[in-house]
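One structure is given here, and the rest of the page talks about it.
For clarity, every value in this text was computed on a predicted model and none was experimentally measured.
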Amino acid sequence: MATLSDVPAARTTRPTSVVVAVSGTVLVGLALVGLAIGSLASGHGQFSGGVGLFLAVYGLGLCAAAWGLWRLSLFGRGPVVALSLLNVVAGFTFTASAPWVWAFVVVSAVTVVAAALPSTSRALHLRSKP
């Protein structure tokens, strides 16, 4: 009879940089989905619905990119870096009127740095040429 200990363990070790990048991306993605729900619930007509729909798709896209990076897919890092950079720039434009947006900016900036670290590249099996 086979037991659970007979099943080979999957590769579950990821560098801290990958965990930080994925966590930051998921955190911002879920926050955007929360903002989407708030926008849709506000009942301000079609504009609010359109904004809510966009935020929901964008937040879910961030979560999908994070899933790709969590799986250590090379194609997961590009969207994580690109969308997080977009979050930094877009969020920075709102910080004067909404200081709480600094949380998004900081988390997104940390995400970009973590995704670009050499330890993330090694986890994705990228090698630099000598």
Side-chain angles (χ1 to χ4, degrees):
M1 176 174 186
T3 64
L4 190 57
S5 62
D6 295 335
V7 178
R11 182 175 171 215
T12 58
T13 58
R14 289 169 180 79
T16 305
S17 59
V18 171
V19 174
V20 169
V22 168
S23 300
T25 305
V26 169
L27 185 65
V28 171
L30 292 177
L32 288 171
V33 170
L35 287 173
I37 292 169
S39 179
L40 291 169
S42 68
H44 291 290
Q46 286 184 325
F47 181 76
S48 181
V51 170
L53 182 62
F54 173 78
L55 288 174
V57 170
Y58 186 70
L60 292 173
L62 277 169
C63 291
W67 175 248
L69 185 58
W70 181 254
R71 294 182 57 230
L72 298 177
S73 168
L74 177 60
F75 298 108
R77 182 165 76 166
V80 165
V81 170
L83 295 174
S84 295
L85 281 172
L86 182 63
N87 293 340
V88 169
V89 173
F92 186 74
T93 62
F94 289 105
T95 56
S97 61
W100 58 270
V101 176
W102 276 109
F104 285 99
V105 173
V106 170
V107 170
S108 294
V110 169
T111 299
V112 169
V113 171
L117 286 173
S119 58
T120 301
S121 296
R122 280 191 301 275
L124 299 173
H125 305 292
L126 297 178
R127 293 185 185 97
S128 61
K129 294 184 179 182

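Summarising the geometry of Leu124 relative to Ser73, their closest heavy-atom pair is CD2-O, 3.8 Å, with the distance given to 0.1 Å. Shortest non-hydrogen contact noted between Gly91 and Val105 is C-CG2, 3.5 Å.
Put simply, Phe47 and Leu32 are part of the same group of oily side chains (I, L, V, M, F, W, Y) that touch within less than 4.5 Å, one to the next. With hydrophobic clusters built from ILVMFWY side chains whose heavy atoms lie under 4.5 angstrom apart, Trp67 shares a cluster with Leu72. Hydrophobic clustering (side-chain heavy atoms under 4.5 Å, transitive across Ile, Leu, Val, Met, Phe, Trp, Tyr) keeps Leu117 apart from Val110.
Proximity of a side-chain donor or acceptor of Arg77 to a complementary backbone N or O of Leu69 within less than 3.5 Å is not detected. When atom types are taken as modelled, the side chain of Thr93 and the backbone of Ala90 share a donor-acceptor pair closer than 3.5 angstrom.
Here Leu30 contributes atom CG and Leu35 contributes atom CG; the two are 11.5 Å apart, rounded to the nearest 0.5 Å. Taking NE2 from His125 and CG from Leu74, the interatomic distance works out to 10.5 Å, rounded to the nearest 0.5 Å.
By the ring pair (Phe, Tyr, Trp, His ring centres under 6.0 Å) test, Phe94 pairs with no residue at all, sequence neighbours left out. Listed by chain and residue number, Trp100, Val101 satisfy the side chain to side chain contact (heavy atoms under 4.5 Å, CB included) test with Ala98 (two or more places apart in sequence, or in another chain).
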Run the side-chain donor-acceptor check on residues 15-29: report pairs under 3.5 Å with partners two or more places apart or on a different chain.
unit_1: Ser17; atom_1: OG; unit_2: Ser119; atom_2: OG; d: 2.7
unit_1: Ser17; atom_1: OG; unit_2: Thr120; atom_2: N; d: 3.4
unit_1: Ser17; atom_1: OG; unit_2: Thr120; atom_2: OG1; d: 2.7
unit_1: Ser23; atom_1: OG; unit_2: Val19; atom_2: O; d: 2.7
unit_1: Thr25; atom_1: OG1; unit_2: Ala21; atom_2: O; d: 2.7

For residues 48-65, dump all side-chain donor-acceptor pairs below 3.5 Å to protein atoms at least two apart in sequence or in another chain.
unit_1: Ser48; atom_1: OG; unit_2: Ser39; atom_2: O; d: 2.4
unit_1: Ser48; atom_1: OG; unit_2: Ser39; atom_2: OG; d: 3.3
unit_1: Ser48; atom_1: OG; unit_2: Ser42; atom_2: OG; d: 2.9
unit_1: Tyr58; atom_1: OH; unit_2: Leu83; atom_2: O; d: 3.3
unit_1: Tyr58; atom_1: OH; unit_2: Asn87; atom_2: OD1; d: 2.6

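Alongside Val112, the hydrophobic cluster contains Val81, Leu85 (criterion: ILVMFWY side chains under 4.5 Å). In this structure, Val89 stands alone, with no Ile, Leu, Val, Met, Phe, Trp or Tyr side-chain heavy atom under 4.5 Å from its own, directly or through other members.
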